[in-house]
Amino acid sequence: MSFDGVFTHAMIHELRETLLSGRISKIHQPYENEIILVIRSRGKNHRLLLSAHPSYARVQITEIDYQNPENPPNFVMMLRKHLDGAILESIEQIKNDRVIHFHFSKRDELGDLQNIVLIVELMGRHSTIVLVNQQSQKILDAIKHIGSSQNTYRSLLPGVEYVAPPEQAVLNPFQATKEQVFERLSKVEPNAKAIQQVFQGLGHDTALELSERINQRPNEKMAVWEEFFAAVDQPLPTHYELGTKEYFTPFAYQSFAKQAASMQEYPTLSALLDAFYQEKAEKDRAKQQGGELIRKIENELKRNRNKLKKREQTLLDSENAEEFRRNGELLTTFMTQVPRGATEVTLANYYEENQPVRIALDPALTPNQNAQKYFHRYQKLKNAVKLIGKQIEEAKSEIDYLESVLSQLEIAGPMDIEVIKEELLAEGYLKKKTSKKQKKAKPSQPDRYISSDGTEILVGKNNLQNDQLTMKTARKTDHWLHAQNIPGSHVIIKSDQPSDETITEAAELAAYYSKYRHSAQVPVDLVQVKHIRKPNGAKPGYVIYENQKTIIVTPEEEKIQAMKKE
């Protein structure tokens, strides 16, 4: 189901019960199209998420953690100016549309009461958030600035009068009288498309469910209608899995229930949306935040792969170095037989029983200069071969390291991006932004988990953490795990004799925080820390080990979250 007018209606009811009369204590804009208002209400802080994301637009209370940018965007600064400390007076849905008005009151510097409206329009790629002065109806700011050249109907720019989205000439199902509803239902075919055309705010899934219920009881249309919308006001948030697709509804939909592979109920609509959107939105947020880092690492990988290719070619060429020396010596010995201006010459090779050998020449050079050119190429290759082996190993090590960082970025959540950025700054791949006011950030710490039997398990989230965790934090008797032969996190079991259950759970963590997170059978190596060592000069996160045993596991996100220890 999409976040349609019916779901919006149910969500507004939930938000009113939780947030009304609350005071804004903090305002954040952690992501480009999303605002978090921390509202203190009924003795508790609630994080209200307002999202104008083109694919995941929604309004809800969220429990998902987020990372704020170093420099707050202009829009959040404007929100803080007008809304910091403001009281939430009311929440209003405009008809049954996906347009929500949050009405706030706040006294300005002179003590005068100001009424500010924060408008959230959930319109797919046209979704937006607009801050409006209620008295003047002038826009104070918008999360997306839209000029008249982009939209001829209205502009969304500071100082411009706010114009609401175009109204639809359809009936609001929550405000219509019984007579109006009966008249409309009597005139239309009871199918989803027809119902959507006469009633406002019904998404396809909602209209389909309503039409199916009416078709099951065609002589009781009004009873079905009233039962359906009464259920909206007494929600039972439900999540469905149908094949590869997922759906959410404010209460149980018969059309989904009969064909769903699985369904799960949630205590609140907000909890339902956190579960539904967490992985989808988190991936998108991480991609949004980590996109620049991914491009940087991919460019570094491309450069190092080209470097490795050239060095391997140089090594291959060095195998022919003796031919260059031989050609130089033959040209020197038989110089009188070498004609000037020739492009090649055939001479007797006294190294191989005077077998004739053809030698290429540069016609612009003298016979002696051609001989010296062959000697020079021979010497250059001989000198290069002394270093090329080490250079090839360095290039391979660099590629392995960059691939491990790239795999970390691919599975990272938004909270992990800063941790990986910390490593790239330390390794010199990113330049540090110097600022007199900027405090030196403390190094990030590994994630902490608790196994079923209470054993502590630590997981490194970048290669600096991996090094610190394995080589300094862990005791020699602790146990270390890592996905076999693939980039991933170092995992430490803080025990010298862990149970089989703890080992399995730690192996699942190692598999989950690796490139093969979504694989069914992931091999994970287990070894005591005393059998691990780090070669001199090795890149962060790289270790070698022996005496390991291998465990095959299937990582499951539910089990990982259950072990998470905040």
Side-chain angles (χ1 to χ4, degrees), residues 286 289-290 292-305 307-308 390-413 415-433 440-448 457-476 478-493 506 509-517 524-525 527-546 548:
Q289 287 188 308
E292 184 180 345
L293 296 184
I294 289 173
R295 286 191 294 274
K296 175 75 175 174
I297 297 302
E298 285 177 340
N299 288 338
E300 286 291 329
L301 264 173
K302 184 177 179 181
R303 187 174 67 82
N304 276 277
R305 283 169 179 155
K307 188 192 296 183
L308 177 62
K390 184 180 178 182
Q391 290 176 337
I392 286 175
E393 287 306 311
E394 287 174 351
K396 286 180 177 179
S397 175
E398 186 84 357
I399 289 168
D400 288 343
Y401 170 71
L402 291 170
E403 285 179 342
S404 76
V405 174
L406 191 60
S407 71
Q408 289 170 353
L409 284 168
E410 287 170 352
I411 64 172
M415 299 290 286
D416 302 325
I417 298 297
E418 289 300 316
V419 177
I420 297 171
K421 189 182 289 186
E422 169 192 13
E423 175 187 340
L424 295 176
L425 283 167
E427 290 300 302
Y429 291 98
L430 298 177
K431 293 182 180 179
K432 294 182 180 179
K433 295 178 181 178
K440 188 176 180 181
K442 293 182 179 179
S444 59
Q445 298 300 313
D447 282 357
R448 183 170 180 261
I457 303 173
L458 300 177
V459 179
K461 298 305 290 292
N462 71 11
N463 287 309
L464 293 180
Q465 285 186 9
N466 286 338
D467 267 7
Q468 178 71 25
L469 183 58
T470 301
M471 307 312 299
K472 295 183 179 180
T473 304
R475 300 184 298 262
K476 295 295 182 183
D478 289 340
H479 284 71
W480 178 91
L481 300 96
H482 191 282
Q484 188 182 74
N485 299 327
I486 51 174
S489 294
H490 291 203
V491 175
I492 295 290
I493 302 174
L509 281 166
Y512 184 78
Y513 289 109
S514 79
K515 193 172 183 178
Y516 289 172
R517 167 178 289 191
V524 175
D525 285 341
V527 66
Q528 270 195 304
V529 173
K530 64 184 178 183
H531 297 299
I532 298 172
R533 66 184 181 88
K534 187 175 184 67
N536 291 334
K539 282 285 186 181
Y542 180 79
V543 294
I544 54 179
Y545 52 92
E546 57 189 5
Q548 73 274 15

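The structure presented is a predicted model; accordingly, all values stated were derived computationally and were not measured.
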Measuring from atom [atom1] of [X] to atom [atom2] of [Y], what distance do you get when rounded to the nearest 0.5 angstrom?
X    : Y    : atom1 : atom2 : result
Q445 : T473 : CD    : OG1   : 7.5 Å
I420 : I294 : CD1   : CD1   : 9.0 Å
H482 : Q548 : NE2   : CD    : 12.5 Å
T470 : Q465 : OG1   : CD    : 11.0 Å
I457 : D478 : CD1   : CG    : 11.5 Å
L481 : L509 : CG    : CG    : 9.0 Å

Taking side chain as C-beta onward, heavy atoms only, is [X] less than 4.5 Å from [Y]?
X    : Y    : answer
H490 : N463 : no
Q528 : W480 : no
P540 : N466 : no
L402 : N304 : yes
L430 : L293 : yes
V527 : I532 : yes
D525 : Y545 : yes
E427 : Y401 : yes

Might you point out which heavy atoms bring [X] and [Y] nearest each other, and give the distance in Å?
X    : Y    : value
K296 : Y429 : CE-O, 2.9 Å
P487 : S407 : CB-OG, 3.0 Å
L406 : I297 : CB-CG2, 4.1 Å

- Query: Is it the case that more than 12 heavy atoms not belonging to Y516 sit under 6.0 Å from its OH atom?
  - Reply: no
- Query: For residues 397-407, which residue pairs qualify under salt bridge (charged side-chain N to carboxylate O under 4.0 Å, His left out), counting only residues two or more places apart or in two chains?
  - Reply: R305-E403, E398-K539
- Message: Once salt bridge (charged side-chain N to carboxylate O under 4.0 Å, His left out) is applied, what residue pairs with a partner in residues 461-471 remain, sequence neighbours excluded?
- Response: D416-K461, D447-K461, D467-K534
- Message: The test is side chain to side chain contact (heavy atoms under 4.5 Å, CB included); show your working for L458 and V491 and say whether it passes.
- Response: CA-CA 6 Å; L458 300 177; V491 175; over 6 Å; no
- Query: Checking S514 side chain against A511 main chain: does a donor-acceptor pair fall under 3.5 Å?
  - Reply: yes
- Using modelled atom types only, decide if a donor and an acceptor are shared between the side chain of S489 and the backbone of V459 within a distance under 3.5 Å. no
- Task: For side chain to side chain contact (heavy atoms under 4.5 Å, CB included), just list the numbers for V543 and M471, CA-CA rounded to whole Å, side-chain angles, deciding distance to a tenth of an Å, and then say yes or no.
- Result: CA-CA 9 Å; V543 294; M471 307 312 299; 4.1 Å; yes
- Message: If you apply the rule salt bridge (Lys or Arg N to Asp or Glu O under 4.0 Å), what do you find for K390 with E393, and how did you get there?
- Response: CA-CA 5 Å; K390 184 180 178 182; E393 287 306 311; over 6 Å; no
- Are E298 and R295 close enough for a salt bridge, meaning some N to O gap below 4.0 Å? no
